[in-house]
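Let me begin by presenting the structure, written as structure tokens, before commenting on it.
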Amino acid sequence: MEATKPSPQRLPLLGYSLVLLGALGFSAKAIFIKLAYANSANLDAISLMALRMLFSLPFFLAVACWQRVKSAGSPLSLKQAGGIISLGLMGYYIASYFDFLGLQLISAGLERLILFLYPTFVVMFSALLFKRAINAWVWLSLVLSYSGMLLVFIEQISLQVSGLFLGSSFVLASALVFSFFIMGSGLMVHDIGSARFTAYSMTVACIATLLHFVCLHGLNLLDFSPQVYGLSLLMAIFSTVLPTFFMNAGIHRIGAEPAAIISNTGPIATLGLAYIFLNEAITLVQLSGTLLVLAGVYLVSRVKS
């Protein structure tokens with residue numbers, strides 16, 4: 001009896017579902033981080049990052065080993081290895097560290113909104129570095145994005161949020177570094193494949209993070225509450241490992257443009273999760289600013305594609 005093949009409609013549906021799950025997983029990361037900080041007075045950014053990477057590392061090592069066996073006939077060149085190391089440090093270690101520092105000071109909703117500006121940075125840096133013209137649609141997307149961000153930020157200033165400027169600066173630095181990572185990773189993914197690049201670059205970032213922790217705190221990772229370990233494990237699985245591969249698999253099935261559109265649910269999901277689990281207020285100004293940012297990022301993604 002001939003095996004039943006999946007219908008053509010099911011593969012796009014699976015792709016949309018995978019991208020949505022990936023976006024929701026990434027959105028939950030800030031929630032796990034804020035909850036972990038709230039459950040331990042002596043928890044700093046690098047300690048929480050180290051716990052996240054320690055729990056994530058076995059998964060990425062397993063995939064990296066599998067990819068190494070699978071691609072035994074096409075070993076990495078010295079240039080490719082250098083690119084993986086540089087991009088892994090940039091995107092998943094340096095950018096993450098700035099993000100974790102920022103979340104010690106600002107809300108999860110604001111953090112996600114600032115991070116979500118990275119596609120606009122990609123467009124602007126591409127224009128500067130590669131002499132690409134910025135057309136009227138891109139200018140409109142930039143105006144929408146930064147108007148929305150300014151709207152939310154002014155409201156935060158009026159609320160006299162402590163550490164607002166420093167925390168926002170850390171997250172903005174994270175978004176800037178991540179935009180360079182995105183620009184550099186496109187060619188690398190094309191050369192060696194997304195799963196291989198993700199596994200290798202994340203392994204590099206895990207090792208760098210753990211070395212950073214050891215240099216600051218030694219080998220002691222046992223001084224935290226059980227809640228912190230539980231939240232770190234959940235963050236490693238549901239906001240690091242699974243979303244990474246869900247997103248890659250989804251993009252492979254439906255393409256980058258539909259995936260970018262679905263990913264726009266991220267900031268809205270973070271606002272909802274922050275309201276439920278962190279008791280962060282959702283105001284009309286915040287919603288309006290978020291919608292402006294989403295509209296700008298959506299428009300710049302369409303123009304770029």
Side-chain angles (χ1 to χ4, degrees), residues 19-20 22-24 26-31 34 95 98-99 102-103 105-128 132-161 163-179 182-183 247 256-276 278-305:
V19 171
L20 181 60
L24 293 176
F26 286 132
S27 300
K29 183 192 70 173
I31 310 303
K34 296 292 285 186
F98 283 140
D99 186 35
L103 277 167
L105 299 168
I106 64 174
S107 68
L110 179 59
E111 176 262 1
R112 188 65 180 172
L113 205 56
I114 297 173
L115 275 185
F116 206 68
L117 293 173
Y118 79 85
T120 66
F121 298 148
V122 171
V123 170
M124 289 190 293
F125 291 142
S126 296
L128 289 173
R132 295 174 181 169
I134 298 180
N135 62 33
W137 287 108
V138 174
W139 281 117
L140 176 60
S141 70
L142 296 177
V143 169
L144 288 172
S145 298
Y146 295 114
S147 296
M149 190 68 254
L150 186 62
L151 192 64
V152 174
F153 200 75
I154 289 174
E155 183 189 43
Q156 294 289 309
I157 293 175
S158 68
L159 297 174
Q160 298 182 340
V161 178
L164 174 64
F165 288 97
L166 181 59
S168 298
S169 298
F170 279 134
V171 179
L172 182 63
S174 176
L176 289 168
V177 173
F178 192 72
S179 67
I182 291 296
M183 292 172 64
M247 193 66 73
E257 183 181 347
I261 294 170
I262 296 172
S263 296
N264 283 349
T265 58
I268 297 294
T270 301
L271 285 179
L273 291 171
Y275 174 77
I276 295 170
L278 302 175
N279 294 320
E280 291 186 5
I282 299 179
T283 66
L284 182 60
V285 171
Q286 189 177 32
L287 279 177
S288 301
T290 300
L291 291 175
L292 283 173
V293 172
L294 291 180
V297 171
Y298 169 75
L299 184 57
V300 81
S301 300
R302 290 296 299 270
V303 171
K304 186 174 64 172
S305 63

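No hydrogens, no waters, no symmetry mates; every other heavy atom, side chains included, goes into these values. Computed from a prediction, not measured in an experiment: that's the story for all the values here.
In this structure, the side chains of Leu142 and Met124 come closer than 4.5 Å at one or more pairs of heavy atoms. Ser141 has its side chain out of reach of Val297: every pair of non-hydrogen atoms, C-beta onward, lies at least 4.5 Å apart. Contact annotation: the side chain of Leu164 approaches that of Phe153 to within less than 4.5 Å [non-hydrogen atoms, C-beta and beyond]. Within the 4.5 Å cutoff, no side-chain heavy atoms of Leu113 are placed close to those of Thr270. Counting heavy atoms from C-beta on, the side chains of Trp137 and Val300 never come closer than 4.5 Å.
Listed here is the closest heavy atom pair of Leu278 and Ala108: CD1-CB, 4.0 Å. Taking each heavy atom of Leu273 and Ile31 in turn, the nearest pair found is CB-CG1, 3.7 Å. A pairwise comparison of heavy atoms in Ser27 and Arg112 identifies OG-NH2, 4.0 Å as the closest pair. Between Ile134 and Ala127 the shortest heavy-atom distance is CG1-CB, 3.7 Å. Heavy-atom minimum distance, Gly109 versus Leu271: CA-CD2, 3.8 Å. Summarising the geometry of Met149 relative to Leu110, their closest heavy-atom pair is CE-CD1, 3.4 Å, with the distance given to 0.1 Å.
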Run the numbers on Ile114 and Val152 for side-chain contact (heavy atoms from CB on, under 4.5 Å), then give the verdict. CA-CA 10 Å; Ile114 297 173; Val152 174; over 6 Å; no
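The backbone N or O of Phe165 lies less than 3.5 Å from no partner atom in the side chain of Ser168, so there is not a single donor-acceptor pair. A side-chain donor-acceptor contact under 3.5 Å links Lys34 to the backbone of Ile106.
Applying the side chain to side chain donor-acceptor pair (under 3.5 Å) test to pairs two or more places apart or on separate chains, those with a residue in residues 145-156 are Thr120-Tyr146, Glu155-Thr283.
In this structure, CG on Leu294 lies 10.0 Å from CG on Leu287, to the nearest 0.5 angstrom. Rounded to the nearest 0.5 angstrom, Ile282 CD1 and Ile268 CD1 are separated by 8.5 Å.
Contacts of Ser174 classified as side-chain contact (heavy atoms from CB on, under 4.5 Å), with partners at least two apart in sequence or in another chain: Ala95, Phe98, Asp99, Leu115. For Phe26, there are no ring-ring contact (aromatic ring centres under 6.0 Å, His included) partners, not counting sequence neighbours. Under the side-chain contact (heavy atoms from CB on, under 4.5 Å) criterion, Leu150 pairs with Ile154, sequence neighbours left out. A search for ring-ring contact (aromatic ring centres under 6.0 Å, His included) contacts involving Phe178 returns Tyr118, Phe181, not counting sequence neighbours. Take Tyr275 and apply the ring-ring contact (aromatic ring centres under 6.0 Å, His included) test, not counting sequence neighbours, and it matches no residue. With sequence neighbours excluded, the residues forming a side-chain contact (heavy atoms from CB on, under 4.5 Å) with Ala23 are Met247, Thr265, listed by chain and number. Partners of Ala295 under the side-chain contact (heavy atoms from CB on, under 4.5 Å) rule, at least two apart in sequence or in another chain, are Leu144.
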